[in-house]
Amino acid sequence: MSSRLRDRTSCQPKLHNHHYQVTTKTAVAMPNHFTETLTCPLTELATNLSDSELRETAYEILVGACRSSGVKPLTFISHSDKNSGRARALTSTASLQRSLSSTAASNVKKALGLKSSGKRQVSGESDSERVKKAVTIGEMLRVQMRVSEQIDSRVRRALLRVAAAQLGKRIESIVLPVEMLQQLKPSDFPNQWEYEAWQRRNLKILEAGLLLHPLLPLDKTDTAAQQLRQIIRGALEKPLETGKNNKSMQALRSIALSLACRTFDGSVSETSHWADGFPLNLRIYQMLLEACFDVNDETSVIEEVDEVLELVKKTWVVLGMNQMLHDLCFLWILFNRYVGTGQVESDLLFAANNLLMEVEKDAKAMTDPDYSKIISSTLGTILGWAEKRLLAYHNYFHSDNTETMECVVSMAVLSAKIMVEDISHEYHRTRKEIDLARERVDNYIRSSLRVAFVQIMEKLKSSKRSSKNQQNQFPFLSILAQGVSTLAFSEKAIFSPLLKRWHPLAAGVAVATLHSCYGNELKQFVSGIGDLTPDILQVLRAADKLEKDLVQIAVENSVDSEDGGKSIIREMPPYEAESVISNLVKSWIMTRLDRLKEWVDRNLQQEVWDPQTNKENFAPSAVEVLRIVDEALEAFFLLPISMHAVLLPDLTTGIDRCILHYISKAKSGCGSQSTFVPSMPVLTRCSTRSKFVGVFKRKEKFQIAQGRKSQVGTTNSNGSLGISQLCCRINTLHHFRIELDVLAKRATSHVRNSESAHMGNIADGMGKAFELSTTACVKGIKQLCEITAYKIVFHDLSHVLWDGLYVGEVSSSRIEPFLQELEQYLEVISLTVHSRVRTRVITEVMKASFDGLLLVLLAGGPPRAFHLQDYETIADDFKSLCDLFWSNGDGLPADLIQKFSTTVRAILPLFHTDTDSLIEQFQYMTLETYGGSAKSKLPLPPTTGQWNPTEPNTLLRVLCYRSDETAAKFLKKTYNLPKKL
């Protein structure tokens, strides 16, 4: 086929600058899905005239019209005959005998954009036969109309007789079937049967032209019509006698002429109207136009189409045709031939489109109701055929036949426009100006893409069903998104440039339609989403990518539009796939955090804080909790999303709260410093030493101490507050702090390496991840260290400190027992507590020991009393206490001991100061503190617990525990303090 096609530009004139112009591309035929037969838009005849009968009638009219036209004969010599030297001219008086000429290409073909073969040939004639005689246009027409030489000879013979009988009358002045009936006898036919068939055909033509489809409507009371109907009915039953003097024949002639020569004003017309009524004239004319197609190649218009049409137009006077009706009929013939021959010859379609432009001009000037009816019927058929393809143009067109598609769109738009304008004229109303072409093309785009989308879905579903047993299948909507994206880019490249001629936002409309189609499926999918899965994420990411592709196409297509593409973008409400993903991931995070919270509570309920469960001496529950946290972070970064950096704070904040909950539980129930520090007794003044000794004997002291002696490292009554358990808690919080730092760094690394690495500020901020938990760990470790220290000093060693140290005689109740047992606790701490926090725990024990010593010296109660000479003993005990923590350089640093022993070192000299000096210092400091209000009476300074050698309450307490008569009298006189509780 392609070898027969050519560039039509060189031979196609510009019919209208503003109309469709055939491009210079080579035409490619529309795929021949099936051969169609279109229903003829012309109204069916009310009688059963066959195509062959109409064709023979048309041939008779054509020959008669040409014979009576009086045109001088033309001579034609074909190229083949000229080259052979055997050409000869025929001499004849009839215009049908003009010979053909090929000196110039067909003007009709040029105007319609049809290709020209450059060679003339009469169908049905061999080369040897053409050598014998030159070919006439009449001979060619006979062959083209499938008329045998015998019939042709009979027709010419009859017309010669008619001409002789009706001398001087033109073809339009006679009723040709009546004349033919009278001039031809049975002897002119090979047999009686053929004669009778010929007669019946002429009678049916008369019936159709004068009774069934007359130019002027018949009056129901017209007796001539009734008489003619009776004659025809009788003749169809029994052959009519056609002799010149036969009464039936004379009656037929008389009645036929009276009916044919009627006029609107009642006068008698010289023109006979027997074949110019709708639609008989169009059906006959259709037979004539069919002769323009080669009988041996039904898709090819003959080269002699100019000459043929010139002769065919001579029948207009008989058939009541004009240029507008001719254009409409020829349009239908070309279009119908294209469709009926399998849609393989695109030139026919292009020619029909070009002719449709002429019809558009004609329609604007024509107001005849019959014409409006015919044009609406014809264009309705064309429009129906075109829209069937355009409403699903992806099924019919592709990159190789876009030129054909452009022609089909042009015909559809023009047909719709003509029909709408015709309706507006018919009802005499002014139609609001709208862009009909844009509306139509908009509908075609949306409809075809919806069809294409459904077909993609059905194909994918079928493919999924056939491969349902295969592993690693991609989610359906993910594959669908890829298919839609491919379709969108194909549309943009192939069809949108073509359709942009009628719709400036063709590509935008296409992607908006696809966006809507996929969006409907995605909406249903999202509504059924429960838990987050990799398949769901894959679908949503595919949807997000598809949407970005579609929006990009729409934006590019809308650059030059009036509204900048806003109307199209409004048609594309966002899928919000990222929002859906974000919500799903947040839900996933909440599920993980709830699970983590459950694990924290469950593990804490089972936790016994035994440091010996693992070699690191921290709680097993910490291992489990941190394992779940690590798994949650790993699973989070394995999610195929692009918003890790954005959503990570949600996860880390939740983890932070869960671990904070763990830390809180780890500290709960352990008490505080105040839990273990004994309450200070009421201030008293000392009695004489002799009385005190008799009250509290050394033997009793020892028995009490032995009875209360604790076992190092064992638990107390509640099973979770032993020193080992407290050390385990300290180790656990330290382990959490270290691991949280590792997790934060790992999360930061993941963020920097993820797709959202450009969000550097978020990654930089990851240094603050788990900030609450880290801070809580630091505070918790400090609190637990203090609790451990005070528990050891004031609870576990209470029997040798609070109940034993310096009770009675100082020299007989010194600090050595306390130091011995304290050393055992320090060994437990050294073996249990992590090296990174061990110093802190021991330091707190040291501070608690110093506080304990001061509490014994300054608030030990009536069992204790100190002489000036006891200072050396106390100072020596203090040095032993410091040496225990220094441990010959293997313990705490000397400067650290010095730092935290400052208060003790400052207060001890008070026990070496004489009583009068102490009283003076006390009075002075009290006056300094309370001012003039203290001159009349010294106020009792409150106990602050902040011991200081210049603080009145501290000085007062030294006096209270001074075993001295002067001190006792001062206290009695000033504050009336009792000697005992």
Side-chain angles (χ1 to χ4, degrees), residues 673 677-686 793-794 801-802 805-806 810 814-815 818 843 846-862 864-883 885 894-931 933-935 937-971 973-975 977:
Q673 292 182 14
V677 176
S679 58
M680 295 184 188
V682 177
L683 289 173
T684 58
R685 54 191 172 90
C686 281
V793 173
F794 292 101
L801 179 68
W802 186 250
L805 183 62
Y806 304 144
V810 172
R814 295 184 63 176
I815 202 169
F818 174 75
T843 300
M846 180 184 69
K847 290 167 62 179
S849 300
F850 292 159
D851 289 346
L853 177 60
L854 288 175
L855 195 64
V856 166
L857 294 175
L858 299 175
R864 293 178 174 85
F866 303 101
H867 297 280
L868 286 174
Q869 60 268 28
D870 291 335
Y871 167 76
E872 296 296 335
T873 303
I874 296 171
D876 187 58
D877 284 350
F878 174 65
K879 182 178 181 301
S880 298
L881 180 60
C882 291
D883 289 344
F885 290 102
D895 58 344
L896 191 65
I897 298 173
Q898 181 69 30
K899 175 183 176 182
F900 290 110
S901 64
T902 302
T903 303
V904 180
R905 293 180 189 279
I907 291 176
L908 282 183
L910 296 176
F911 289 85
H912 185 56
T913 305
D914 63 86
T915 303
D916 292 333
S917 298
L918 281 175
I919 292 172
E920 287 181 8
Q921 289 184 40
F922 172 72
Q923 291 174 333
Y924 174 78
M925 294 308 302
T926 302
L927 290 171
E928 284 290 318
T929 303
Y930 297 100
S933 62
K935 289 182 179 180
K937 183 181 179 180
L938 291 174
L940 182 67
T943 301
T944 63
Q946 304 297 320
W947 312 130
N948 190 293
T950 61
E951 193 257 335
N953 184 263
T954 302
L955 292 169
L956 177 63
R957 287 181 176 277
V958 174
L959 289 170
C960 287
Y961 292 101
R962 175 65 59 86
S963 181
D964 179 90
E965 191 68 27
T966 304
K969 289 182 178 179
F970 172 77
L971 295 174
K973 178 181 178 182
T974 306
Y975 299 113
L977 295 181

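- In this structure, T950 OG1 and E928 CD are separated by 10.5 Å, a value rounded to the nearest 0.5 Å.
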### Task
Evaluate the criterion side-chain contact (heavy atoms from CB on, under 4.5 Å) for residue pair F866 and Y806; output intermediate values, then yes/no.
CA-CA 9 Å; F866 303 101; Y806 304 144; 3.8 Å; yes
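- One finds the CG atom of L977 at 7.0 Å from the CG atom of L940 (value rounded to the nearest 0.5 Å).
- In terms of heavy atoms, L805 sits closest to R814 at CD1-C, 3.4 Å.
- One N or O on the side chain of Y975 and one on the backbone of P939 form a donor-acceptor pair closer than 3.5 Å.
- Taking every heavy atom of both residues into account, L801 and G852 meet most closely at CD2-CA, 3.9 Å.
- In this structure, the side chains of L858 and M680 stay at 4.5 Å or more apart for every pair of heavy atoms.
- The side-chain heavy atoms of I919 and Q923, taken from C-beta on, include a pair separated by under 4.5 Å.
- Y961 has its ring centre no less than 6.0 Å from the ring centre of F911.
- Taking CD1 of I815 as the reference point, atom OG of S849 lies at 7.5 Å (rounded to 0.5 Å).
- Interatomic distance, CG of D870 versus CZ of R962, reported as 9.5 Å (0.5 Å rounding).
- Side-chain contact between H912 and L908 is absent, with no heavy-atom pair separated by less than 4.5 Å.
- Between V793 and D851 there is no side-chain heavy-atom pair separated by less than 4.5 Å.
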### Task
Show your reasoning for whether side-chain contact (heavy atoms from CB on, under 4.5 Å) applies to L956 and L971.
CA-CA 9 Å; L956 177 63; L971 295 174; 3.5 Å; yes
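- Using a 3.5 Å distance cut-off with no hydrogens or angles, the side chains of D877 and S880 do not pair a donor with an acceptor.
- Atom CG in L855 sits 9.5 Å away from atom OG in S679 (nearest 0.5 Å).
- Taking each heavy atom of L857 and I874 in turn, the nearest pair found is CD2-CD1, 3.8 Å.
- I897 approaches F850 most closely through the heavy-atom pair O-CE1, 4.3 Å.
- For the residue pair S963 and A865, the shortest heavy atom distance occurs at CB-CB, 4.0 Å.
- Using a distance-only test at 3.5 Å, with no hydrogens or angles considered, no donor-acceptor pair links the side chain of T943 to the main chain of G945.
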### Query
Given the rule in the side-chain contact (heavy atoms from CB on, under 4.5 Å) test, do L938 and F922 qualify, once you have shown the distances and angles that lead to the verdict?
CA-CA 10 Å; L938 291 174; F922 172 72; 4.1 Å; yes
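- Between L896 and F900, some side-chain heavy-atom pair lies under the 4.5 Å cut-off.
- Residues L881 and F818 approach most closely at CD1-CE2, 4.0 Å, considering heavy atoms.
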### Message
Does N953 form a side-chain contact (heavy atoms from CB on, under 4.5 Å) with N948? I'd like the steps, not just the answer.
### Response
CA-CA 9 Å; N953 184 263; N948 190 293; over 6 Å; no
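- Rounded to the nearest 0.5 angstrom, E920 CD and M925 CE are separated by 14.0 Å.
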### Message
salt bridge (charged side-chain N to carboxylate O under 4.0 Å, His left out), that's the test. Do D883 and K879 meet it? Break it down for me.
### Response
CA-CA 6 Å; D883 289 344; K879 182 178 181 301; 3.0 Å; yes
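- Taking the centre and axis of the six-membered ring of W947, the NZ or CZ atom of R905 falls outside the cone set by 45° and 6.0 Å.
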